[in-house]
Amino acid sequence: MNYELQQIQAFLKVAELESFQAAAQSLNLSQPALSRRIKKLESILGTPLLARTTRSVSLTTVGRDFFPQAKRLVDEFDHALFNIRALAENRIGQITLACIPTAAFYFLPAVIREYNARYPNIRIRLLDLSANDGLGAVLSGEAEFGINMLSGHHPDIVFTPLVVEPFVLVCRHDHPLAAHDSVTWSELSTHKLIGVGKMSGNRMLLDHELSSLTQRPTWFYEVQHLSTSLGMVEAGLGVAAVPRLSMPDQEHPLLVQRPLVEPLVKRTLGMVRRRDSALSPAAERFVETLLKHWDKGGVEGSTGPINL
DNA sequence: TTGAATCGGCATTATAAGGT
DNA sequence: ACCTTATAATGCCGATTCAA
């Protein structure tokens, strides 16, 4: 414990009670000991803070000036200690995670709900970013960890797989392809395909996986978000290839999904975090909750929608 | 292990204020 | 002027800490 802080606390107490005797009692200290603390503080500051006679104590001009500052100092110190304790006990805090929109929408809400029930005072900042931006946010430290797709491997990133999911075809139920049980990628080349931008993680994955096909699909419309492409499909503008998790529900009034094969393209979603930095206690708890959900919900995301 | 520095407590002193 | 009382300051000593 810092001696000077004790001295300042002693000064405040004497100033408040205008008595060494009473202040000493209040501080569980003998009066001579308190006398010495004040004297020490005054010698450090080089000026008397308290004007005392044997019968009364009052503040000197300097003491009156110093009092509010000292009070604020001690209050802030107490407050800081309180906060640090609360942080350590997971009573307060904030975590920031960066995840791709699909994850943010489809499987994080359940995890967040459970986490929030257990740690109601920990705020969650959810950055729903593209795969690239999300990875950048984790690398820069803006986010403590993230949920992203596996794309190459960055030396500073640790990837923990959570779910593998296939890309599926989405079309309107009145579209010719809706009559097929499954659709090959080559078949798509004759249809108007709605795809996401060239820099999107999904698009890069698809371009890579499909590069060996002789009849590659060509993207007729290009959008930024999967949800936009779904909307365009709904409007009858074309068909889209999307990760299965981004499909709203099994029973959509207008949209149907069909397996996309030859080849079967899958993406792996998982947790990303920096290799070199430890997570905060609050984030650790969140990751625990997340992984627990995945043990329960199943890594079988490739075979069906995930129940949470 | 030891010696210096520092803190706190007990006993005591010094002194201001009030009463006679 | 002298006594009493209340209270801060000081002397002294033991305990603890820290560095050599």
Side-chain angles (χ1 to χ4, degrees), chain A residues 1-97 115-116 118-125 137-145 155-158 160 271 273-289 291:
Chain A
M1 177 56 78
N2 193 332
Y3 297 119
E4 289 175 38
L5 187 75
Q6 287 187 322
Q7 290 158 8
I8 292 170
Q9 283 170 323
F11 160 69
L12 290 174
K13 196 56 96 177
V14 174
E16 278 165 22
L17 300 176
E18 297 187 320
S19 157
F20 275 66
Q21 190 80 261
Q25 210 164 22
S26 157
L27 293 168
N28 293 315
L29 204 66
S30 68
Q31 174 268 317
L34 176 61
S35 235
R36 286 188 171 105
R37 271 191 197 176
I38 300 290
K39 193 177 167 191
K40 179 101 185 282
L41 177 63
E42 289 175 328
S43 82
I44 288 170
L45 297 176
T47 178
L49 297 170
L50 297 160
R52 48 257 206 213
T53 71
T54 56
R55 305 291 273 202
S56 70
V57 178
S58 59
L59 286 165
T60 62
T61 312
V62 178
R64 243 193 312 283
D65 207 43
F66 183 55
F67 184 84
Q69 301 176 55
K71 183 133 183 81
R72 199 165 56 241
L73 197 74
V74 170
D75 286 349
E76 277 174 15
F77 188 79
D78 285 346
H79 193 238
L81 284 187
F82 179 84
N83 280 343
I84 287 168
R85 258 196 296 275
L87 265 178
E89 294 165 12
N90 292 319
R91 281 190 283 114
I92 61 164
Q94 174 175 292
I95 54 178
T96 301
L97 63 154
Y115 183 80
N116 188 248
R118 287 191 59 187
Y119 308 104
N121 293 316
I122 296 183
R123 292 175 53 206
I124 297 172
R125 271 183 79 214
V138 172
L139 279 170
S140 74
E142 192 192 351
E144 282 193 76
F145 62 98
D156 297 335
I157 290 285
V158 185
T160 312
M271 197 184 77
R273 50 182 289 191
R274 279 194 307 286
R275 187 179 298 282
D276 54 353
S277 65
L279 294 180
S280 67
E284 288 280 6
R285 301 290 91 73
F286 190 90
V287 169
E288 278 169 22
T289 312
L291 295 179

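The chains referred to below are lettered A, B, ... by the order of the sequence lines, with proteins before strands, and numbering in each begins at 1. Bear in mind that the values here come from a model prediction, so they are computed numbers and not experimental data.
Between Phe286(A) and Tyr115(A), the angle of the ring planes goes over 60°, which puts this pair in the perpendicular group of the 30/60° scheme. Ring geometry for Phe11(A) versus Phe66(A): interplanar angle of 30 to 60°, hence tilted.
Between Val138(A) and Glu144(A), the shortest heavy-atom distance links the atoms CG1-O, 4.5 Å.
When side chains are defined from C-beta on, Ile44(A) counts as touching Gln7(A), because their heavy atoms get closer than 4.5 Å. A heavy-atom distance below 4.5 Å is not found between the side chains of Lys40(A) and Arg37(A).
Glu18(A) has its CD atom 19 Å from the P atom of dA6(C), to the nearest Å. Regarding Lys39(A), its NZ atom lies at a distance of 21 Å from the P atom of dT7(C), rounded to whole Å. Atom-to-atom, CD1 of Ile38(A) to P of dT10(C) comes out at 14 Å; the value is rounded to the nearest Å. Atom CD in Gln25(A) sits about 15 Å away from atom P in dA6(C), given to the nearest Å. Following rounding to the nearest Å, Leu17(A) (CG) and dT7(C) (P) show an atom-to-atom distance of 13 Å. Atom CD of Gln6(A) is separated from atom C1' of dT6(B) by 12 Å (rounded to the nearest Å). Remark: C1' of dG8(B) and CG of Leu27(A) are 13 Å apart, rounded to the nearest angstrom. Atom CZ of Arg52(A) and atom C1' of dT10(C) are 13 Å apart (whole Å).
Side-chain atoms of Gln21(A) and base atoms of dA6(C) include no donor and acceptor less than 3.5 Å apart.
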Are there any protein N/O atoms within less than 3.5 Å of an N/O atom in nucleotides 2-5 of chain C, and if so, which ones and at what distance?
from, atom 1, to, atom 2, distance (Å)
dT5(C), O2, Arg55(A), NH1, 2.9

Protein N or O to nucleotides 12-16 of chain C N or O, pairs below 3.5 Å:
from, atom 1, to, atom 2, distance (Å)
dC12(C), N4, Arg36(A), NH2, 3.1

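The shortest distance between the side-chain N/O atoms of Thr53(A) and the OP1/OP2 oxygens of dA16(B) is not below 4.0 Å. Contact annotation: Lys40(A) reaches the phosphate of dC7(B) (side-chain N/O to OP1 or OP2, under 4.0 Å). Contact annotation: Ser35(A) side-chain N/O to dA9(C) OP1/OP2 distance is under 4.0 Å.
No side-chain donor-acceptor contact under 3.5 Å links Arg273(A) to the backbone of Met271(A). No side-chain donor-acceptor contact under 3.5 Å links Gln9(A) to the backbone of Leu27(A).
Across all strands, Ser56(A) comes closer than 4.0 Å to no nucleic acid atom at all (heavy-atom distances). Within the 4.0 angstrom heavy-atom criterion, no nucleotide atom of any strand lies near Leu34(A).
In Gln25(A), the CD atom is not crowded: 12 or fewer heavy atoms of neighbouring residues, nucleotides or ligands sit closer than 6.0 Å.
Note on Glu288(A) versus Arg285(A): salt bridge recorded, some NZ/NE/NH1/NH2 to OD/OE distance being below 4.0 Å.
Nearest nucleotide to the side chain of Ala33(A), out of dA11(B), dG8(B), dA8(C): dG8(B).
With sequence neighbours excluded, the residues forming a side-chain contact (heavy atoms from CB on, under 4.5 Å) with Leu139(A) are His154(A), Asp156(A), Ile157(A), listed by chain and number.
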